[in-house]
Asks: 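Dropping a structure here in structure tokens format, bear with me for questions.
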Amino acid sequence: MRAIQVKEYVKGPLDLTVSTLPTPSSSPTTYLIEIHSAGTNFFDLLQIRGKYQHQPPLPWVGGAEFAGVITALPTSAPASGEAWKYKVGDRVFGATQGAYATHVLAPEQTLLPVPAGWSFEDAAGLFVTAPTSYGGLVTRANVQAGEWVLVHAAAGGVGLAAVQIAKARGATVIATAGTERKRQVARAFGADYVVDYRDKSWPDKVKGLCAEHRKGNGKAGVDVVYDPVGMIDASLKCVAWNARLLVIGFAAGSIEKVALNRVLLKNVSIVGLHWGQFAKFEAEAVGVVWKGIFDLIAQGKFKGTAFKDESFVGLESVPRALQALGGRETWGKVVVQVIEDKPSKL
């Protein structure tokens, strides 16, 4: 098989190269999957430099998210005594170490079926973003119809997922993004209003939108804030009474300090979401979240978020895709088509 193998840590993604390695064989508990598309993540950029909290022993193959076709089943019988869930030829997506390759081994619990009508490209970006946003907005914040939701970095992978999920719940969405193109994309995915977060007066603009359009209910602020960036403190300036603020991540690069007096005065709840730990501490919620996501897909309320302004085809394009991701000029999910599919446009 061909793969992006990391033999030593590199300074940046453009130092990565493609290697030829033996194609693995399925093990007693893993499927062999031919990868058609691989999703990129910010943690990939950290991992190749040796800066991530989870570093496999060298050498290792980069990447985590993928979509492809099962080519071989596990070699043992399932512990349950029943048949394996998937069969050869099934289209699946999932996440496991080694997605920047033509083949990968993955256990059954890391796999899900590609939704009907979805491309491999879109499915490769689903495993991390969709449950993070659904788990935050539905499981943790319980967004209700009629509420107003502020989504930061709304044109990113988790941001576009959050916009769609909030709209599906019947909420009004204000999206923040730093460029006109990204604000355009946020609108295309359902955002009702968009705000430039580079404008220091953005909290006032959010309050102004609420004051203008939330007439009759006495609320001059948003009910829920979805924050994967690190903008909680500033967001407290434009929230309504009983607001819930979701801490999703710190893409801005620093962990902020929050003025707790505002939390007290507006009866605010600050809620964290670590989706990666649900399988350990709240395993029963994982299936519920995925059922909710697949229901939205079936209803036509959730679509893929793969970046379409530029194409990344072949493993040789992985360095360029990661470079683009790190430059923060992309939107949605940056996906590499390991095997080229017919391209589509937003």
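This one's a predicted model, so the numbers in the text were calculated from it and none came from an experiment.
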Asks: Test question: given the 4.5 Å side-chain rule for I, L, V, M, F, W and Y, name all other residues clustered with Leu21, or answer none.
Replies: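 Leu21 shares its hydrophobic cluster with Met1, Val61.
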Asks: Give me the ring orientation class for Trp118 and Phe302: parallel if the planes are under 30° apart, tilted from 30 to 60°, perpendicular past 60°.
Replies: parallel
Asks: Do we see a donor-acceptor contact under 3.5 Å between the side chains of Gln184 and Arg181?
Replies: yes
Asks: Side chains of Leu73 and Ser26, heavy atoms from C-beta outward: is any pair under 4.5 Å?
Replies: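 Heavy-atom side-chain distance check fails, nothing below 4.5 Å.
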Asks: Considering non-hydrogen atoms only, spot the tightest contact between Leu137 and Ala166 and give its length.
Replies: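 It is CD1-N, 4.1 Å.
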Asks: Between Val149, Val143, Leu296, Val173, which is the residue that forms a side chain to side chain contact (heavy atoms under 4.5 Å, CB included) with Lys167?
Replies: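 Exactly one candidate clears the test, Val173.
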Asks: Report whether Val128 and Tyr134 are members of the same hydrophobic cluster (ILVMFWY, side-chain heavy atoms less than 4.5 Å apart, transitive linking).
Replies: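 No, Val128 does not connect to Tyr134 through the hydrophobic network.
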Asks: Please report the closest heavy-atom contact between Lys237 and Pro203, naming both atoms and the distance.
Replies: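 Between these two residues, the closest heavy atoms are CB-CB, 4.0 Å.
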Asks: In this structure, is the centre-to-centre distance between the rings of Phe93 and Trp290 below 6.0 Å?
Replies: yes
Asks: Does Glu8 have more than 12 heavy atoms from other residues, nucleotides or ligands lying within 6.0 Å of its CD?
Replies: no
Asks: Between atom OG1 of Thr179 and atom CZ of Arg198, what is the distance when rounded to the nearest 0.5 Å?
Replies: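 Here the rounded value is 6.5 Å.
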Asks: For the pair Glu34 (side chain) and Gly68 (backbone), establish whether a donor and an acceptor sit closer than 3.5 Å, ignoring hydrogens and angles.
Replies: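 Looks like no, no N/O pair under 3.5 Å.
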Asks: Transitively linked via ILVMFWY side-chain contacts under 4.5 Å: Phe127 with Val286?
Replies: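 Yes: a chain of side-chain contacts under 4.5 Å links Phe127 to Val286.
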Asks: Got more than 12 heavy atoms from elsewhere within 6.0 Å of NZ, Lys266?
Replies: yes
Asks: When you measure from the side chain of Glu121 to the backbone N and O of Ala306, does any donor-acceptor pair fall under 3.5 Å?
Replies: no
Asks: Atom CG in Leu160, atom OG1 in Thr129: separation rounded to 0.5 Å?
Replies: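 These two atoms lie 9.0 Å from each other.
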Asks: Going only through I, L, V, M, F, W and Y residues with side-chain contacts under 4.5 Å, is there a path from Val288 to Phe278?
Replies: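 No, Val288 and Phe278 fall in different hydrophobic clusters.
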Asks: Could you check Thr132 against Tyr226 for side chain to side chain contact (heavy atoms under 4.5 Å, CB included), going step by step and ending with a plain yes or no?
Replies: CA-CA 11 Å; Thr132 297; Tyr226 182 92; 3.8 Å; yes
Asks: Using the salt bridge (Lys or Arg N to Asp or Glu O under 4.0 Å) rule, pick out the option among Arg214, Arg244, Arg169 that qualifies with Glu147.
Replies: Arg244
Asks: Just wondering, do Asp309 and Phe307 contact through their side chains at under 4.5 Å, heavy atoms?
Replies: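 Side chain of Phe307 against side chain of Asp309, heavy atoms only: contact under 4.5 Å found.
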Asks: Identify, with sequence neighbours excluded, every residue that meets side chain to side chain contact (heavy atoms under 4.5 Å, CB included) alongside Pro74.
Replies: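 By the side chain to side chain contact (heavy atoms under 4.5 Å, CB included) rule, Pro74 matches Tyr31, Trp84.
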Asks: With a 4.5 Å heavy-atom cut-off, do Leu245 and Asp227 have their side chains touching?
Replies: no
Asks: Measure the shortest side-chain to side-chain distance between Tyr100 and Leu322 over non-hydrogen atoms and say whether it is less than 4.5 angstrom.
Replies: yes
Asks: With side chain to side chain contact (heavy atoms under 4.5 Å, CB included) as the test, would you mind laying out the steps for His54 and Gln97 before giving the verdict?
Replies: CA-CA 10 Å; His54 303 298; Gln97 185 70 51; over 6 Å; no
Asks: To the nearest 0.5 Å, how far apart are OG1 in Thr330 and NZ in Lys182?
Replies: 6.0 Å
Asks: Is there a donor-acceptor contact under 3.5 Å from the side chain of Gln144 to the main chain of Asn142?
Replies: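 Confirmed, Gln144 side chain pairs with Asn142 backbone.
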Asks: Nearest 0.5 Å, please: how far is OH in Tyr86 from CG in Leu112?
Replies: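 Taking CG in Leu112 and OH in Tyr86, the distance rounds to 5.0 Å.
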Asks: Apply the hydrophobic cluster definition, ILVMFWY joined by side-chain contacts under 4.5 Å directly or through others, and give me every member besides Trp241.
Replies: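 Grouped by the 4.5 Å side-chain rule, Trp241 forms a cluster of one, so the answer is none.
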Asks: Looking at Arg91 and Pro113, would you say the former's side chain and the latter's main chain have a donor-acceptor pair under 3.5 Å?
Replies: no
Asks: Kindly give the heavy-atom pair with the smallest separation between Ala106 and Ile33, and that separation in Å.
Replies: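 Scanning both residues, the minimum pair turns out to be CB-CD1, 3.9 Å.
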Asks: Output, in order, the C-alpha distance, side-chain angles, deciding distance and verdict of side chain to side chain contact (heavy atoms under 4.5 Å, CB included) for Lys333 and Asn41.
Replies: CA-CA 8 Å; Lys333 191 76 178 185; Asn41 289 281; 2.7 Å; yes
Asks: Using a 4.5 Å cut-off on heavy atoms from C-beta on, say whether the side chain of Val206 contacts that of Leu209.
Replies: no
Asks: Write down the atom of Ala161, the atom of Ala130, and the distance for their closest heavy-atom approach.
Replies: CB-CA, 4.3 Å
Asks: Could you tell me whether the side chain of Thr30 reaches within less than 4.5 Å of the side chain of Thr96, counting heavy atoms only?
Replies: no
Asks: Going through the distances and angles, do Lys303 and Phe189 end up as a side chain to side chain contact (heavy atoms under 4.5 Å, CB included)?
Replies: CA-CA 8 Å; Lys303 61 183 179 180; Phe189 277 81; 3.4 Å; yes
Asks: Search all heavy atoms of Asp233 against all heavy atoms of Ala259 and return the closest pair with its distance.
Replies: OD1-N, 2.9 Å
Asks: Indicate if Phe42 and Trp331 have the same hydrophobic cluster label, given that clusters are the connected sets of ILVMFWY residues with side-chain heavy-atom separations under 4.5 angstrom.
Replies: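 Hydrophobic grouping puts Phe42 with Trp331.
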Asks: So do the side chains of Leu105 and Leu32 get within less than 4.5 Å of each other, counting heavy atoms only?
Replies: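 Yes; the side chains approach each other to less than 4.5 Å.
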Asks: When hydrophobic residues are tied together by side-chain contacts of less than 4.5 Å, even through go-betweens, does Val194 share a cluster with Val229?
Replies: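 The answer is no; the residues belong to distinct hydrophobic clusters.
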Asks: Hey, what's the ring geometry for Tyr52 with Phe43, parallel, tilted or perpendicular (30° and 60° as the breaks)?
Replies: parallel
Asks: Looking only at heavy atoms, what is the nearest atom pair of Thr40 and Val334, with distance?
Replies: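 Heavy atoms of Thr40 and Val334 come nearest at OG1-O, 2.8 Å.
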Asks: Measure the spacing between CD of Glu256 and OG of Ser235 and express it to the nearest 0.5 Å.
Replies: 7.5 Å
Asks: Do Asp196 and Arg183 sit within salt-bridge range, that is, some charged N less than 4.0 Å from a carboxylate O?
Replies: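 Looking at Asp196 and Arg183, the cut-off is met.
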Asks: What's the spacing between Asp122 CG and Thr305 OG1 if we round to 0.5 Å?
Replies: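 Asp122 atom CG to Thr305 atom OG1 measures 7.0 Å (nearest 0.5 Å).
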Asks: Under the criterion ring pair (Phe, Tyr, Trp, His ring centres under 6.0 Å), I'd like the reasoning laid out for Tyr193 against His213: C-alpha separation, chi angles, the key distance, then a yes or no.
Replies: CA-CA 11 Å; Tyr193 308 100; His213 299 285; 4.9 Å; yes
Asks: For the residue pair Asn242 and Asp223, establish whether any side-chain heavy-atom pair is separated by less than 4.5 Å.
Replies: no
